[in-house]
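In what follows, every chain begins at residue 1, and chains take the letters A, B, ... in the order their sequences are listed.
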2 protein chains.
Amino acid sequence: MSPRRIDPTLATALLEAAARLLAEEGAAGLTTRRLAAAVGTSTTAVYTHFGGMDNLVRAMVHEGFARLHRRMSTVRATSDAVADVMALGYAYRANSLDHPQLYQVMFGGAALGGFALAEGDRQHGKYTLQPLVDAVARAAEQGRFRAGDPLLVAQNMWIALHGLVSLELGGYLIDPYDADVCFEAQLRSLMVGAGDEYEATATSLARARRRRSPRG
Amino acid sequence: MSPRRIDPTLATALLEAAARLLAEEGAAGLTTRRLAAAVGTSTTAVYTHFGGMDNLVRAMVHEGFARLHRRMSTVRATSDAVADVMALGYAYRANSLDHPQLYQVMFGGAALGGFALAEGDRQHGKYTLQPLVDAVARAAEQGRFRAGDPLLVAQNMWIALHGLVSLELGGYLIDPYDADVCFEAQLRSLMVGAGDEYEATATSLARARRRRSPRG
DNA sequence: CGTGGTTACGTAACATTGTTACTCCATCGA
DNA sequence: TCGATGGAGTAACAATGTTACGTAACCACG
C-alpha cells in the first residue's frame with residue numbers, strides 16, 4: 001500500500017496474527033507470506049522487527065511461558081497444600097489445552113521449520129515452576145509429603161504432567177483410558193509417590209476439582 | 001547414472017539413508033534431494049517406493065516402534081517385579097537416547113515439515129507397552145503394587161517416562177537436577193505411587209541398575 | 001520553513017523445499 | 001523377436017525463508 005506508514009504496533013500485530021495463524025492452522029500455516037498478508041504488510045516486516053522467523057517464534061514462546069506462569073499464579077494457597085498442588089496440575093493442563101499448538105512449539109523443541117530454541121529460552125520452565133515448588137514445600141511442612149528438596153519433587157511432577165499433556169495433544173492416549181482418566185489417576189499417583197497417603201489424595205483431588213477455572 | 005538399474009533393495013536403502021540422515025543432521029537435514037543424493041538416485045524414487053515423504057517418515061516411525069518393542073522385550077522377568085518395571089524404564093530411556101531424533105519424530109507428532117501421523121500409527125504405543133503391563137501385573141501379584149488395572153498403571157508410568165525423555169531430549173532439564181537425577185528419583189516416585197514401600201524401592205532400583213544394557 | 005539522515009517498508013529476486021508431468025528404456029512374457 | 005509394463009531420470013511447478021536494493025516518510029536540526 002502506501003509506503004512508510006510507520007506503525008509502532010506492527011510488531012505486536014505480527015505477534016497476534018502469528019498466534020492466531022498458529023492456533024487456527026497449526027505450525028504448517030505459519031509462514032512469512034501468510035503472516036504478512038494477515039496484517040496487510042510485506043514479508044520484510046518480519047525481518048525488520050524480529051530479524052527472522054526464528055525470533056518471532058521465540059517471542060511467541062516467551063509469551064506462552066509468561067501466560068503459563070500467569071495462569072499458575074492464579075492458584076491460591078489453602079490449608080490443603082496437596083489440593084493446591086493438584087490445582088496447579090489442573091491449571092497447567094488447562095492452559096495447554098487452551099493453546100495446544102503453542103504448547104507443542106514451546107516443548108516440541110526441534111522441529112518447526114528447522115527452528116530450534118536457544119539455551120536461555122528453555123530455562124523459562126524453571127521460573128514458571130516456582131508456584132509448584134512453593135506448594136510442594138508447604139505440603140511437606142504440613143506432613144503430607146516426605147522430606148526432600150521441593151524443587152526436585154516439583155520438577156518430577158512437572159515432567160509427568162508434561163508427559164501427559166504431550167501425549168494427549170499428540171493423540172497417543174486412546175481408549176479405554178483417555179487423557180481425563182489418566183490425568184486424575186496420575187495426579188493421585190504423583191501425590192502418593194511424593195509421600196501422601198492414598199486415601200487422603202481422594203479428598204484433596206475433590207477439592208482441586210472444584211477449583212478448576214472454566215476458561216483462561 | 002545408467003537408467004533402469006532395477007534395485008529391489010532400493011526401498012530399504014532409502015530407509016537406511018533416511019535414518020542416517022535423520023540421526024546425523026536432524027529433521028531439517030532429511031530432504032528428498034539429500035536423500036536421493038545419499039543413495040545415488042533421483043527424488044522420484046521416494047515417490048515410486050513410498051508415495052511421498054510422509055509415508056517414508058511413517059515407515060521410519062514404524063521401524064522405531066518395532067525397535068523399541070524389541071528392546072523392551074529383552075528385559076527378563078525376575079522374582080523382583082518392581083526391579084523389572086524399573087529395568088523396563090531404563091530400557092525405554094536408553095533406546096530413546098540411542099535414537100534421539102527418531103524419538104522426537106515418533107512422539108513430536110505435529111511438526112516435521114507439516115507431516116502428521118495417521119490415527120493408526122500412534123496405537124503402536126499400546127502394543128509396545130505390553131511388557132510393562134505384564135511386569136506391573138506381576139508386581140501387583142507379588143503384593144508390591146496396589147490392586148488396580150495394570151494397563152492404567154503401566155500407561156501412567158509410560159506417560160511419566162515419556163515426559164522425562166521428551167524434556168531431556170529438548171534440553172529442558174537443567175542444573176542442579178539433570179536428567180539422570182530426575183530419572184532415578186522419578187522411578188522411585190512412580191513405584192511408591194503405584195503402591196510400593198519407599199524403602200523397598202531402593203534395593204529394587206539397585207537391582208535394575210545392574211541390569212542396564214551397555215548399548216542397544 | 002527547509003534539509004539531511006535514519007529507518008521502515010515494498011519489490012523483486014535467489015536458493016531450496018516437496019511434488020508431478022513427461023519421457024525413456026530395461027526387463028518380462030509370448 | 002516384439003510389444004507391454006513399469007521403474008527411474010529430467011525438468012518443471014508452486015511455495016518456502018531470506019536478502020539486496022530502492023523509496024519514501026519521519027525526526028532533528030538549522
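In this structure, B/His49 atom NE2 and D/dG9 atom C1' are separated by 13 Å, rounded to whole Å. Straight-line distance from the CG atom of A/Leu30 to the P atom of D/dA15: 17 Å, rounded to whole Å. Between the CZ atom of B/Phe50 and the C1' atom of D/dG7 there is a distance of 14 Å, given to the nearest Å. Remark: C1' of C/dT19 and CG of B/Asp54 are 11 Å apart, rounded to the nearest angstrom. Distance, A/Leu35 CG to D/dA15 C1': 16 Å, rounded to whole Å. Protein atom CZ of A/Arg33 is 14 Å distant from nucleotide atom P of D/dA14, rounded to whole Å. Computed from coordinates, the B/Leu10 CG to D/dG7 P distance equals 11 Å when rounded to whole Å. Taking atom OH of A/Tyr47 as the reference point, atom P of C/dA8 lies 17 Å away to the nearest angstrom.
Between B/Asp98 and B/Arg67 no salt bridge is recorded (no basic side-chain N to carboxylate O distance below 4.0 Å). Ionic pairing of A/Arg58 and A/Glu63 is not present here: no N-O contact between side-chain nitrogen and carboxylate oxygen is shorter than 4.0 angstrom.
The side chain of A/Ser42 lies closest to C/dT11, out of C/dT19, C/dT11, D/dT18. In this structure, of C/dT17, D/dA8, D/dG17, it is D/dG17 that holds the atom nearest to the side chain of A/Met53. Closest to the side chain of A/Arg34, out of D/dT16, C/dT19, C/dA12, is D/dT16.
Between B/Phe183 and B/Tyr177, the ring center distance fails the sub-6.0 Å criterion.
In the interface, the side chain of B/Thr32 is not paired with the base of C/dG18 through any donor and acceptor atom under 3.5 Å apart.
For the residue pair B/Thr78 and B/Asp84, a side-chain donor N or O sits within less than 3.5 Å of a side-chain acceptor on the partner.
None of A/Arg212, A/Glu184, A/Arg211 except one satisfies the side-chain hydrogen bond (donor to acceptor under 3.5 Å, both in side chains) rule with A/Tyr90; the exception is A/Glu184.
Nearest-nucleotide mapping onto DNA chain C: of B/Thr31 and A/Thr48, the residue sitting toward the 5' end is A/Thr48.
Close to C/dC9, at under 4.0 Å from its OP1 or OP2, lies no side-chain N or O of A/Thr41.
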